[in-house]
Structures are given as C-alpha cells and as structure tokens.
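Excluded from the calculations below are hydrogen atoms, water molecules and symmetry mates; all remaining heavy atoms, backbone and side chain alike, are included. Only a predicted model underlies this, so the values are computations on that prediction, with no experimental measurement involved.
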Amino acid sequence: MNFSELTALETGELIRLRKMSVTEAVTSALDAAEALNPKLNSFITICREKALKRAAEVQKRITDGTLSSPLAGVPVAVKDNICTEGIRTTCASKMLENFVPFYSATAVERLERAGAVIIGKLNMDEFAMGSTSETSYFGPVRNPHDISRTPGGSSGGCAAAVASGIVSGTLGSDTGGSVRQPAGCCGVTGFKPTYGAVSRYGLIAYASSLDQIGPVCGDAADCAAFTDAVCGRDERDSTSRDMFSGSLLSSLTGDVKGLRIGVLKESLASDKVDFEVSAKVAEVIKEFEKAGAVIKKVSFPYFDEAFSAYYTIAMAEASSNLARFDGVKYGFRAADYEDLNDLYCSSRSEGFGEEVKKRILLGTTILSGGYYDAYYLKAMKWREIIKAELNKIFSETDLLLTPTAPETAPLSGRSVSDPVSVYYSDIYTVLANLAGLPSVSFPCGTDRNGMPVGAQFTGRAADDGRVLNAVHAFQLMTDYHKLKADLNIQNGCTGQSDAQAGNSPCYQEKQGVEKTYEI
Amino acid sequence: MKYETVIGLEVHVELAAKSKLFCSCTTKFGGEPNTHCCPVCTGMPGTLPVFNRKVLEYAVKAGLALNCDITRDFRFDRKNYFYPDLPKAYQVSQLYAPVAVNGHTEIKGADGNAKVIHIHEMHMEEDAGKIIHSPDGKTAFLDYNRCGVPLLEIVTEPDFRNAEEVNAFLYRLRSVFKYLGISDCRMEEGSMRADVNLSVRPEGCEELGTRTEMKNINSFRAIERAIAYESARQIKIVENGGRILQETLRWDNVAGYSFSMRSKEEAKDYRYFPEPDLPAFHLTREEIRLCRAAIPEFADEKAERLMQEISLSADDARVITEYRNLAELFEDTVKLCNAPGEVRFWFTGGLLSYINETGTDPEDITLLPENFAKFAGLVLNKTLTRESGKKVFRAMLESDGDFDIRGFIKENGLETLDDEDLIITTVKKIIEENPKPYDQYRNGETKVYGFFAGKVMKELKGRADPSSVNRMLKNILENES
C-alpha cells in the first residue's frame with residue numbers, strides 16, 4: 001500500500017475497517033519523515049518512541065470500540081510553535097531550542113482526543129516570522145517540488161511534509177498567510193479558519209489579534225476534518241467561540257450552483273501578479289462558471305494600506321509577545337553577562353535571529369511614545385476601514401477569489417537579498433487576518449517551472465463551511481490537488497546524508513536529548 | 001515666604017477575590033514560593049489570560065462607593081517593561097478605558113472640617129511577583145505566587161495639602177473597602193500600598209510646582225514621615241533658588257530619607273497598547289444596578305448617625321462601626337431590645353475585649369442579635385448581675401451562635417440571688433473574719449468599704465444584685481456594733 005498517496009480521511013477509514021493498523025500507518029510516516037528530512041528539513045523533532053507508544057494505545061481504543069472518529073489512528077505533525085506536552089517546542093529559535101512545555105495547546109489536546117498520532121514537530125520561520133521558512137535556527141525548509149526553492153512560510157514544514165507525502169495532515173498557524181501561502185507554494189490545501197474558531201491556547205503568539213491555528217492537508221475534506229476536530233469554544237482562550245452549527249465535513253456537498261464568487265479586478269490585471277498565476281486563477285473562474293457559480297467583478301482599493309496596517313500591527317504585537325523571552329525563567333540565557341540589563345540584552349541578542357530582532361525593533365518603535373498615534377493607532381483605524389470594505393464586498397458576494405500569492409515559490413535566499421518583495425508575497429493573504437475571516441489556499445495547476453500555483457477563497461466570518469465547500473467542489477472537478485512531489489526523480493532523495501544530516505536536529509530525540517531538557 | 005504642599009496619591013489595593021485576575025490560582029498570601037502558580041500567571045509561552053469577572057464586581061462596587069462614573073465598555077491594555085518579577089515582561093492593566101472615572105469622597109481635614117477628595121480614575125491590573133535576595137546578595141530568587149493577584153489602583157487628583165489629609169483618606173479608603181468586603185487593605189502585608197506624588201508652591205500660587213513620585217511606602221507612619229521629609233526637602237531647594245527635578249524616588253523608611261530611582265529623562269516608556277488576548281468587556285445596566293444595591297452605609301456615616309440617634313460618644317461610635325458585621329450586630333441588637341446603653345456596655349467591654357484578648361478575627365464572630373438582645377434584657381431586669389453576666393456572655397461568644405441562655409444560667413446556677421438573709425449572713429461573716437478593716441471603717445477610714453464589698457460579692461460568686469449588697473453592707477457597717 002502506498003501510504004503517501006492516502007488522504008487523512010482515507011487512512012482513518014482503512015484503520016477503522018482494520019485494513020491497516022495504526023502502528024503500520026505511524027511507522028510508515030516516521031520512516032518517511034526520517035528518510036526525507038535530510039533533504040527537506042521539514043521536521044525539527046521526530047518523536048518515534050512517543051508516536052509508536054501512542055499508536056499502540058490508539059489502536060487498542062479503536063479495537064475495543066471506544067474511539068471511532070474519522071482521524072483516529074492517523075499520523076499527523078504539528079508546527080513547532082504549537083505547544084506539545086513533553087515534546088520540545090522551539091518556534092524554530094535558538095531561544096527555545098531546549099524548551100519542553102508541560103502543557104499542550106488546546107488544539108493539540110483535541111486532535112489527540114480525536115485519535116490522531118503526532119509523529120513530530122515541523123520546521124518553520126523563526127517565531128513564524130517570514131514567508132520562506134528560511135529564518136529557522138534549524139536550517140531552511142526546502143520545497144519538495146524543487147529543493148532549490150523555498151516552500152513558502154512560515155508553515156513551510158507543514159506544507160513540505162504534506163506535499164512530500166510524509167503525513168497527510170498537519171496543524172500550522174496563520175498570522176498573515178502562514179498556512180495558505182506555503183500551501184500555495186507546495187501544491188497542498190491550507191485553511192485559516194475564522195478568527196476565534198480554533199483556540200489559540202498553547203500557540204506561541206506572534207501577533208495575537210491576527211494569529212489563528214489552521215490545518216495544512218492534501219485537500220479540503222481533510223482540512224474540514226482537522227478543523228472539526230480542533231475547533232470550538234475553549235475556556236482558556238477568551239477570544240474563542242463556538243461558531244459552526246454542524247460539522248464542516250458535513251457541509252462539503254460539492255454543490256456550488258448559484259454561489260456568488262467575487263473576483264478582484266486588482267488581483268488579476270496587476271503588474272505585481274505573475275502572468276501565469278493570473279492565467280491559472282482565470283481557469284479556476286471558468287471551472288466554477290461551468291459548475292453554475294455566479295462570477296462578479298469586485299474592487300478592493302486598499303491593498304497598500306492593508307499591507308502596511310498588517311505589518312504595523314503584527315510587529316507591534318510581536319514586540320510585546322516576544323518580550324517574555326528574556327533569559328530569566330526558561331529558554332536561552334547568554335553565558336556571560338554583567339548585570340540584569342546585560343542578561344536581557346545578551347540573551348535576546350544571541351537567542352533571536354536577525355528577522356525576529358528586526359521585527360521586535362520595528363514593533364517597539366511603533367509602540368513608543370510619540371509614534372503610537374502615527375503608526376499603531378493609524379493602522380488600527382485602517383483595519384476597521386478594511387473590515388468595512390470587505391463587508392461591503394460580502395454583501396453582494398459569498399466568496400472572494402484571489403491568487404494566494406503574486407508568484408509561485410521563490411528561489412532560496414531571496415528573503416535576504418530582496419526582503420520587501422518577499423513581504424509583498426503576503427499581499428492577498430493578510431486581508432483575511434486583518435478582518436478575521438476564513439480563507440483557504442488550494443492548488444490550481446503549475447507554472448512553467450512545474451511549481452504549483454495557489455488560488456485563494458475568502459469568505460464571511462463563521463462561513464467556513466462555504467469556503468471549504470467551494471474548494472471541495474473544485475477538487476471534485478479537477479486533480480491538481482493530487483499532484484505529489486516526485487522526490488526521487490528530482491533529487492534522488494532516499495535519505496542518504498547530505499549537508500543537513502549531520503546537524504539535523506530531528507535526530508536529537510534518538511540521542512535522548514529530549515529527556516534531559518530542563519523546563 | 002510660606003509654602004503649600006500639594007499631594008496626589010496612587011493607591012494599590014489587592015482585591016480579595018479568591019482566584020487571580022486571569023487564572024484560577026489562589027490569591028492566598030504567603031505559601032511556599034511558586035506553589036500558587038500555573039502556566040498562565042507565570043507567563044509561559046502560548047498561554048492566555050481569562051478575565052475573572054468576580055474582580056469586576058469588586059471594582060465596580062469600589063467605583064460606586066467613591067461616586068465614580070462606571071465605564072460600561074472597558075478593556076485592558078498592556079504595560080510593557082522588563083523586570084524579573086514580571087514573567088510576561090508586560091503587566092495587563094487599564095490605560096485607555098479604566099473601569100471607573102471621575103469620583104469623589106469626603107474626609108475630615110486636619111482642621112476638623114469636611115474636605116472633598118476627587119478621584120481621577122480606578123483601574124484593574126495584575127500584581128507582579130517578588131524577588132528575594134540571598135543574604136550575601138549574590139543570588140536573587142523569584143517567587144511568582146503574587147503574580148496575577150488582582151489589584152485596584154485608585155488615582156486621586158492633587159487635592160491633599162498635608163499628611164493628615166492623606167492618612168484620613170487612606171483610613172477612609174480602608175474602611176469603605178473593608179465594608180464592601182473587597183479588600184482587607186493590610187499595609188503590612190502589602191495588600192494596600194501608596195505612591196505619593198508631591199510638589200510645593202508658594203502659598204496663594206495657583207500653578208503647580210514640579211512633582212516627584214515616592215514609591216514603596218507601606219505604613220501610615222511611613223507616609224507621614226515621607227511626606228514631611230520630601231516636603232521639607234523641596235521647600236529648602238526652592239528657597240535656595242534651586243529647581244525641583246521631576247523624578248521617581250524610593251522612600252527608605254529605615255534610613256528615613258528618599259533617594260532617586262530615575263529622572264524624567266530616564267522615565268520608562270511603557271508602550272501601552274490594547275491587550276489583544278482579551279476582548280472588550282461590557283457591563284450591563286443590571287449588573288451595575290446590582291452592585292449599587294449592594295453598597296452599604298459606610299462606617300463614618302453610620303457612626304455619625306448612631307451619635308445622633310442614640311447619643312453614642314464619638315469614640316464608642318468609631319469602635320462600634322469599625323467592622324461591618326459587628327456594627328450590624330450592634331444595631332440589630334439595639335433594635336430588638338431597645339437598650340442601647342446596656343448593649344454598648346457589653347459590646348465594648350465584652351465583645352471587643354474578647355476579640356482583643358483572643359485574637360479572634362472580627363469576621364468570625366457568630367453571635368446572633370436575638371441572643372444578644374435576650375441577654376441584655378436579662379441583665380436589665382436583674383435576672384443576671386453584670387458580674388455573672390460576664391460568664392454567660394463569654395460562653396455565648398464561644399458557642400457557634402446556637403446558644404440556650406436560660407439553660408446555661410440554670411445549669412451553672414447564675415441567677416441573681418434575691419435571698420436577703422443569705423446576703424446579711426454573708427456580710428456578717430465577712431466582717432467577723434476581718435476585724436481590722438472593720439475597726440478602720442468604724443474609725444472613719446471609709447475607703448475600706450470597697451474591700452468589704454468585693455469580699456462579699458466574691459463570697460456570693462457575683463450572683464448577688466450589687467445594689468442589694470450595697471444597701472445591706474452599708475447598713476450593717478454603719479449601724480451595728
């Protein structure tokens with residue numbers, strides 16, 4: 001059986017039908033993760049022992065009939081900024097290299113309650129700050145479709161792990177497109193639910209008012225199943241709430257007749273969008289027209305303002321959220337320091353990477369006396385204007401269709417040489433975060449280099465079912481989501497060591513490092 | 001030239017909610033270090049605050065009690081600064097929409113006249129932990145037990161002119177908050193702390209001088225000393241033609257002086273911004289109405305009224321109204337038996353001395369007004385003498401509220417003796433046993449009378465009606481030989 005081509009729901013069904021054991025599925029995923037990691041570096045930690053132990057427990061409960069959810073026994077992986085009890089959670093930072101939480105995120109607890117087996121923690125941009133997954137302290141993640149390219153970010157590890165068939169589903173986080181943009185780059189489906197649909201408890205915050213946990217999977221149905229498993233009001237997160245009347249999975253009818261899809265004029269006829277990306281999104285429009293959807297041209301005039309407001313708010317909140325990493329209680333502390341102030345300065349200077357420090361400095365400036373009104377307050381006002389403008393669009397349409405990003409996956413190294421153009425790759429994704437709306441990226445073909453193109457649907461708040469159903473309908477009509485990265489042909493990758501293998505941190509668990517970490 | 005001191009206060013009061021402001025950890029004072037903690041109050045990565053609405057009820061009551069406008073849509077803000085006792089490196093507080101604003105309350109000024117103190121605002125915030133230094137000063141230990149304990153900060157306008165007014169206000173605040181049951185306001189345990197903003201100006205001048213802020217003042221006495229010191233220091237500088245620097249000072253109560261912590265140039269920029277982990281909160285009119293309905297008559301007003309209504313002395317009125325439950329016990333008892341004098345006698349002499357003697361928490365007194373009234377009635381109608389009443393009263397206080405007074409009197413044989421023969425026999429017996437004092441009395445040394453009275457009462461175990469004893473003792477001493 002070729003595990004790597006199964007969706008999460010298919011795997012779950014085979015396990016329920018006793019055609020596959022949980023241990024088989026989990027072992028296969030662990031083997032693939034270990035074999036591919038030297039090439040892709042999508043995992044920071046692989047927990048073979050824990051996963052196998054848990055697989056046996058889950059199998060027992062499936063066998064005795066106490067566990068029957070669609071994801072029971074399915075191997076999954078979680079982005080490394082989501083806390084997992086007893087498994088180190090690094091945020092891909094030297095600052096938290098040895099941090100082992102003694103609590104799990106609510107989303108992790110719920111995913112495990114549904115019977116999913118976590119096989120490891122996924123690489124990402126440090127503290128989720130980036131669009132290329134290159135700022136990780138543990139080395140860059142590579143795009144399975146072409147390892148000279150980035151997988152997008154910040155949830156690059158999620159997208160790469162799914163695109164390479166290691167696991168069928170993952171949990172990532174999306175602050176300005178961090179789930180959707182890498183999904184677009186890697187040809188998989190990434191969903192950011194409505195703000196508040198999934199508890200943020202245990203998600204190490206980047207920008208609290210924008211962050212949302214969301215799945216990166218092979219298709220919309222898996223995304224719905226993952227979201228169903230983790231969503232709902234959590235007493236530990238005051239911004240969370242019960243939002244959906246039924247399960248999202250049950251809202252996937254595949255019927256889009258009469259669905260009103262708004263297409264942004266600015267996103268298709270723009271010199272900022274790659275012409276091949278525009279062309280693929282135009283084909284998506286045609287598919288939906290064929291299926292009976294109603295296409296409407298709409299306009300959104302505030303992309304530049306949205307872009308500025310997003311970075312202003314994200315950096316301001318980040319500067320405060322990341323202040324707790326001060327070398328006092330846990331995490332990295334500089335070896336030498338003269339006094340308290342030096343302890344702070346040295347630990348933070350040495351513990352954070354360049355991109356993180358840049359954003360903390362910018363965020364600190366934005367909130368400083370004399371700048372607050374000019375930057376932060378102005379950004380917050382624009383956020384309200386943008387919300388109102390989007391509401392206007394949704395008064396005459398059900399969904400908004402845009403490219404996920406202006407370009408396909410960039411070549412490695414560009415985030416350093418041309419940072420603003422990489423920031424700009426978030427231009428279509430930040431709208432959903434600013435307004436708290438559900439938004440999904442799905443594959444719709446490939447460009448001249450064979451790199452996947454992502455299209456994005458955004459919907460009204462709490463209308464997550466409709467957003468996912470549109471993608472589901474598209475995936476019933478097309479096969480773009482079934483395109484898997486062919487790692488053997490491109491790279492001959494079968495796990496032989498290359499530059500990454502020697503220091504690949506995912507092997508640390510085997511050396512028992514995890515057990516010796518102090519909290 | 002004469003100078004006037006101008007003072008404003010920032011008072012931090014720990015609210016008596018059982019759990020912390022943003023998590024369910026206990027707020028109990030003390031405890032082994034780092035045992036009253038969880039991932040939330042220690043600011044572990046990924047954790048989020050959850051607002052304890054019980055605290056809101058307390059804050060609203062405090063606001064209403066000091067005649068504030070209640071902010072119906074309020075929210076929290078982050079105050080960012082680095083310090084080891086602040087594990088998130090920001091304090092969740094309220095800057096942009098504090099829960100109560102624009103209040104006022106009345107105090108008695110140094111001249112005995114009433115004076116209105118204006119409240120600028122009150123806001124809720126979380127407390128920080130504690131740093132404990134090792135004796136050699138080389139190591140600092142952190143105790144996060146206090147982290148997240150709910151505080152109410154009361155910011156006054158610069159309405160005070162001297163330390164007496166400041167302390168009168170703090171006493172008033174303490175009394176009101178204790179009556180509301182929202183804080184025990186213990187300065188020695190740090191559950192009430194005051195920062196003093198002080199400036200001086202030539203008398204008659206309207207413009208305010210440059211102010212300094214003194215932190216770390218934790219007793220009424222320390223406040224007096226700190227104000228006297230700082231006021232004198234500033235006047236001296238001004239008189240010598242100098243300029244006051246705007247700075248933050250730390251008052252050292254042992255050394256008796258304040259020293260500079262930081263100047264205006266070094267003033268921290270707290271980079272306040274709205275706390276994104278918490279939604280905006282809304283108070284309904286009904287919630288506010290319920291809080292308002294629960295506002296009691298406060299001690300000062302009650303004392304004033306009792307002085308009017310039942311002619312209590314100012315001192316008695318003050319001690320009787322100090323604790324809300326006891327003041328209510330007093331009033332209810334008086335209402336039931338209509339014998340304010342007798343009730344006052346047992347209240348101050350019996351109840352309060354019992355509390356002092358035994359160290360009982362006044363809140364734990366379970367005496368019922370029905371029992372107290374019945375008891376006072378028995379003393380008034382001379383079923384009990386005050387002497388034997390003491391035993392009954394004590395037993396009543398020590399019981400759990402359910403106390404059978406008559407049963408107890410009977411069991412212990414404490415009814416007043418109205419056996420004249422027994423009293424006469426006893427008086428004669430005592431005189432016989434003490435011929436020397438008797439001679440002294442007969443020779444005009446009447447001061448030994450008390451000696452005989454005491455002996456007789458003792459012999460009769462306090463059960464005799466003192467007026468009967470007096471009458472017969474006098475009669476026998478004077479007339480028989």
Side-chain angles (χ1 to χ4, degrees), chain A residues 81-83 89 91 95-96 99 101-106 196 199-205 207-211 234-241 313 316-317 319-326 328-331 340-341 343-345 348 363-372 376-377 380 519, chain B residues 21-24 34 37-53 75-92 95-96 128-129 131 133 138 140-144 147 264 266-281:
Chain A
N81 60 347
I82 301 177
C83 287
T89 301
C91 282
M95 186 57 92
L96 291 178
F99 176 66
F102 52 95
Y103 47 92
S104 279
T106 300
S199 166
R200 290 183 295 116
Y201 185 86
L203 167 65
I204 299 179
S208 314
S209 73
L210 302 159
D211 292 343
D234 173 18
E235 288 199 345
R236 294 179 293 187
D237 176 0
S238 315
T239 60
S240 72
R241 59 197 171 94
I313 293 165
E317 290 183 11
S319 72
S320 174
N321 283 331
L322 270 64
R324 71 187 65 195
F325 306 112
D326 57 7
V328 172
K329 304 167 294 296
Y330 52 79
L340 181 62
N341 203 45
L343 162 73
Y344 288 144
C345 292
R348 288 168 67 76
T364 304
T365 308
I366 287 163
L367 291 178
S368 294
Y371 294 101
Y372 179 83
Y376 185 79
L377 219 53
M380 292 301 272
I519 295 169
Chain B
L21 187 53
F22 298 119
C23 66
S24 55
N34 299 311
C37 298
C38 72
V40 175
C41 54
T42 52
M44 295 304 285
T47 60
L48 299 168
V50 176
F51 179 45
N52 174 2
R53 267 189 104 95
R75 60 171 312 155
F76 289 95
D77 303 292
R78 288 189 188 174
K79 178 180 181 178
N80 295 284
Y81 65 96
F82 287 98
Y83 207 63
D85 65 6
L86 193 69
K88 296 191 296 290
Y90 57 81
Q91 178 192 33
V92 180
L95 177 73
Y96 296 112
I131 302 179
H133 293 279
K138 284 182 181 156
F141 298 95
L142 291 163
D143 177 4
Y144 293 115
C147 255
K264 188 187 175 190
E266 301 164 300
K268 288 182 181 175
D269 179 352
Y270 291 115
R271 305 189 310 280
Y272 278 98
F273 76 106
E275 163 61 291
D277 285 329
L278 290 167
F281 293 95

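- The CG atom of B:Asp269 sits 10.5 Å away from atom OH of A:Tyr371, with the distance rounded to the nearest 0.5 Å.
- No part of A:Leu377 comes within reach of chain B, as not one of its non-hydrogen atoms sits under 4.5 angstrom from that chain.
- For the options A:Ser320, A:Cys91, A:Ser319, A:Ala105, heavy-atom pairs under 4.5 Å to chain B are most numerous at A:Ser320.
- Residue A:Thr364 touches chain B through both its backbone and its side chain, counting heavy-atom pairs closer than 4.5 Å.
- Heavy atoms closer than 4.5 Å to chain B are found in the side chain of A:Tyr376, but not in its backbone.
- Heavy atoms of A:Asn81 lying under 4.5 Å from chain B are absent altogether.
- A:Tyr201 approaches B:Leu48 most closely through the heavy-atom pair N-CD1, 3.6 Å.
- With a threshold of 4.5 angstrom between heavy atoms, A:Phe325 approaches chain B through side-chain atoms but not through N, CA, C or O.
- The two residues A:Ser238 and B:Val50 come nearest to each other via the heavy atoms OG-CA, 3.7 Å.
- Scanning both residues, A:Leu340 and B:Tyr83, for their nearest heavy atoms gives CD2-CE1, 4.2 Å.
- Scanning all heavy atoms of the two residues, the minimum distance from B:Asp277 to A:Ser208 falls at OD1-CB, 3.0 Å.
- Chain A forms more heavy-atom pairs under 4.5 Å with one residue of B:Leu278, B:Leu86, B:Thr47, B:Leu142 than with any other, namely B:Thr47.
- Under the 3.5 Å distance criterion, with hydrogens and angles disregarded, no donor-acceptor pair is assigned to the side chains of A:Tyr372 and B:Arg271.
- Heavy atoms closer than 4.5 Å to chain A are found nowhere in B:Phe22, neither backbone nor side chain.
- Considering only heavy-atom pairs separated by less than 4.5 Å from chain B, the leading option among A:Val328, A:Asn321, A:Leu96 is A:Asn321.
- Using a 4.5 Å cut-off on side-chain heavy atoms (C-beta onward), B:Phe273 and A:Ile313 make no contact.
- Counting heavy-atom pairs closer than 4.5 Å to chain B, the top-ranked of the candidates A:Cys83, A:Ala205, A:Ser368 is A:Ser368.
- Residue A:Ile204 holds its CD1 atom at 9.0 Å from CE of B:Met44, rounded to the nearest 0.5 Å.
- With a 4.5 angstrom heavy-atom cutoff, A:Asp237 touches chain B via backbone and side-chain atoms both.
- The shortest distance between side-chain heavy atoms of A:Tyr344 and B:Pro84 falls below 4.5 Å.
- Minimum interatomic distance between B:Phe82 and A:Ala323 (heavy atoms only, all atoms of both residues): CE2-O, 3.2 Å.
- Residues B:Arg78 and A:Glu317 share a closest heavy-atom pair of NH1-O, 4.4 Å.
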